[in-house]
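Only this structure's heavy atoms are used, side chains among them; waters, hydrogens and symmetry mates stay out.
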Amino acid sequence: MTFSASTTPSSSPTLLVTGARGFTGIHITEMAQKQGIKVIALESNLNDEKALNQEIAQISPDYVAHLAGISFVASKDHEAFYRVHALGTSNLLQALTKLQTAPKKILLASSATVYGNSPNHLSVEDQPLTPIDHYAISKVAMEDMAKTFFNRLPIVIARPFNYTGPGQKGNFLIPKLVDHFAKRKSFIELGNLNIEREFNDVNMICDAYLKLLELGKANEIYNVCSGQARSLQFVVDTLKKITGHAIEIRVNPDFVRASEVHRMVGSPEKLKQLLAGNGLSLQIPALENTFKQMLDASSSSSA
């Protein structure tokens, strides 16, 4: 799959990626480059409007993947969520409206946390949103603000559900678990064990993002998910099976959030239908394979 360029048919399309040095940004950059897409990493701070406007004008990208944000939900800097997610995104979109030729597609990475404790077995794009913390509320604010640009820019909003893979920081749940198993530690301290999540592969998410940039309908919202719920116990059992190592799980009250989404699983039907209409499908890597890659990476880094 390759994007079309706005200049000549033989030139490579340009994809501007915000947050290109982050976990998702690194993976999508590598994937896009393998497809012959020229990736440009945004250097400006999203809240530095002058520098941002100058850089956007100079690049004039064919496509934009806006991935920059505060990824750690439990961050204590609540103001930063709004400053980066809502105001930063507004500044980016405003800069893009000033281009002589608008990008062919702009993908905004929102979050499945906007659904909160969903009343539905599988969260769907048009259900009411019930965010329960500042991170999720800032993502709702970002989405609502982005809608004011729908009549000026071709925007697609993606709501990814939980995902992981090699390179994810150790303050996230899965990398923390993987590291403990890789180092064959005797116990691990966790928070709430009674949760269900999707634990998708970062490459599946990046593949979906690139497909949405090419095929997604402007002014639409798409869940990026597998619809497969996994318990925390399932994750532990899978890592135990791969490594042959048993680990004691201790609940640390300090890690238990006052407000917790107990089940976060989405319906992928809207995305599936879009892809099927174009003769495509979303490849969902086996979770065991993802964990094996992460274990190998963890072992290599600690060797």
Side-chain angles (χ1 to χ4, degrees), residues 1-7 11-49 51-72 83-99 101-111 139 142-143 145-146 149 153-160 163-169 200-216 218 221-222 224 271 282:
M1 178 189 72
T2 55
F3 300 154
S4 58
S6 62
T7 52
S11 64
S12 298
T14 56
L15 170 63
L16 175 65
V17 178
T18 72
R21 294 176 182 82
F23 171 54
T24 314
I26 290 171
H27 283 274
I28 200 171
T29 295
E30 181 180 354
M31 184 178 291
Q33 289 174 337
K34 287 180 179 178
Q35 296 183 18
I37 300 164
K38 181 182 178 181
V39 178
I40 301 173
L42 184 76
E43 301 293 342
S44 302
N45 186 309
L46 291 170
N47 295 117
D48 184 343
E49 293 184 55
L52 181 63
N53 287 333
Q54 290 176 346
E55 186 176 0
I56 293 294
Q58 185 176 12
I59 298 170
S60 191
D62 296 312
Y63 299 87
V64 178
H66 178 37
L67 311 180
I70 300 173
S71 57
F72 190 51
R83 188 167 59 248
V84 174
H85 296 158
L87 297 178
T89 302
S90 177
N91 292 337
L92 174 67
L93 295 178
Q94 191 63 47
L96 291 170
T97 64
K98 298 176 182 178
L99 292 174
T101 303
K104 291 179 178 293
K105 197 76 57 64
I106 301 160
L107 179 136
L108 304 183
S110 182
S111 168
K139 286 292 189 177
M142 183 199 78
E143 289 190 13
M145 179 280 306
F149 287 86
L153 293 169
I155 297 170
V156 167
I157 296 174
R159 290 177 182 159
Y163 59 95
T164 190
Q168 191 173 35
K169 291 181 179 179
N200 298 311
D201 190 293
V202 63
N203 288 307
M204 184 199 93
I205 303 298
C206 293
D207 181 39
Y209 284 177
L210 292 176
K211 285 180 167 67
L212 284 172
L213 278 166
E214 184 178 27
L215 305 170
I221 298 172
Y222 295 88
V224 179
L271 179 58
L282 197 62

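Closest of all the heavy-atom pairs between Pro61 and Leu96 is CG-CD2, 4.4 Å. Nearest heavy-atom pair, Tyr222 versus Val156, reported as atom, atom and distance to 0.1 Å: CD1-CG1, 3.8 Å. Counting all heavy atoms, side chain and backbone alike, Leu108 lies closest to Ala146 at CD1-CB, 3.4 Å. The minimum heavy-atom distance between Ile70 and His85, with the atom names listed, is N-NE2, 3.0 Å. Counting all heavy atoms, side chain and backbone alike, Ala41 lies closest to Ala20 at CB-CB, 3.5 Å. Here the closest heavy-atom approach between residue Pro13 and residue Asp62 is recorded as CA-OD2, 3.2 Å.
Here the rule is side chain to side chain contact (heavy atoms under 4.5 Å, CB included) with Leu52, and of Leu42, Thr18, Asn47, Asn45 only Leu42 fits it.
Contact of the Leu212 side chain with the Leu271 side chain is registered, since non-hydrogen atoms from C-beta on lie closer than 4.5 Å. In this structure the side chain of Leu15 reaches within 4.5 angstrom of the side chain of Leu210, judged on heavy atoms. Residues Val224 and Asn200 have side chains not in contact (no heavy-atom distance under 4.5 Å, counting atoms from C-beta outward). Side chains of Arg159 and Glu143 form a contact here, defined as non-hydrogen atoms less than 4.5 Å apart. Using a 4.5 Å cut-off on side-chain heavy atoms (C-beta onward), Leu282 and Asp207 make contact. Counting only heavy atoms from C-beta outward, the side chains of Ile28 and Ile205 never approach each other to under 4.5 Å. Thr24 places a side-chain heavy atom less than 4.5 Å from the side chain of Tyr209. Using a 4.5 Å heavy-atom cutoff, the side chains of Leu93 and Thr97 are not in contact.
The side chain to side chain donor-acceptor pair (under 3.5 Å) test applied to Asn53 returns no partner, not counting sequence neighbours. Under the ring pair (Phe, Tyr, Trp, His ring centres under 6.0 Å) criterion, His27 pairs with Phe23, not counting sequence neighbours.
Side-chain N or O atoms of Ser44 include one that pairs as donor or acceptor with a backbone N or O of Ala51 at under 3.5 Å. When atom types are taken as modelled, the side chain of Ser90 and the backbone of Ala86 share no donor-acceptor pair closer than 3.5 angstrom. A donor-acceptor distance shorter than 3.5 angstrom exists from the side chain of Lys139 to the backbone of Ala109, with no hydrogens or angles considered. Judged by distance alone, the side chain of Asn91 and the main-chain N or O of Glu49 form no donor-acceptor pair under 3.5 Å.
Going from atom CG of Leu92 over to atom NE2 of His66 covers 5.5 Å, rounded to the nearest 0.5 Å. Atoms NZ and CG, on Lys105 and Leu215 in that order, are 7.0 Å from each other to the nearest 0.5 Å. Separating the CG atom in Leu67 from the CD1 atom in Ile26 is a distance of 11.5 Å, to the nearest 0.5 Å. To the nearest 0.5 Å, the span separating OG1 on Thr14 from OH on Tyr63 amounts to 9.5 Å. The NZ atom of Lys211 sits 13.5 Å away from the CG atom of Leu107 when rounded to the nearest 0.5 Å.
Screening residues 35-45 for salt bridge (charged side-chain N to carboxylate O under 4.0 Å, His left out) gives Arg21-Glu43 as the qualifying pairs, with residues at least two apart or on separate chains.
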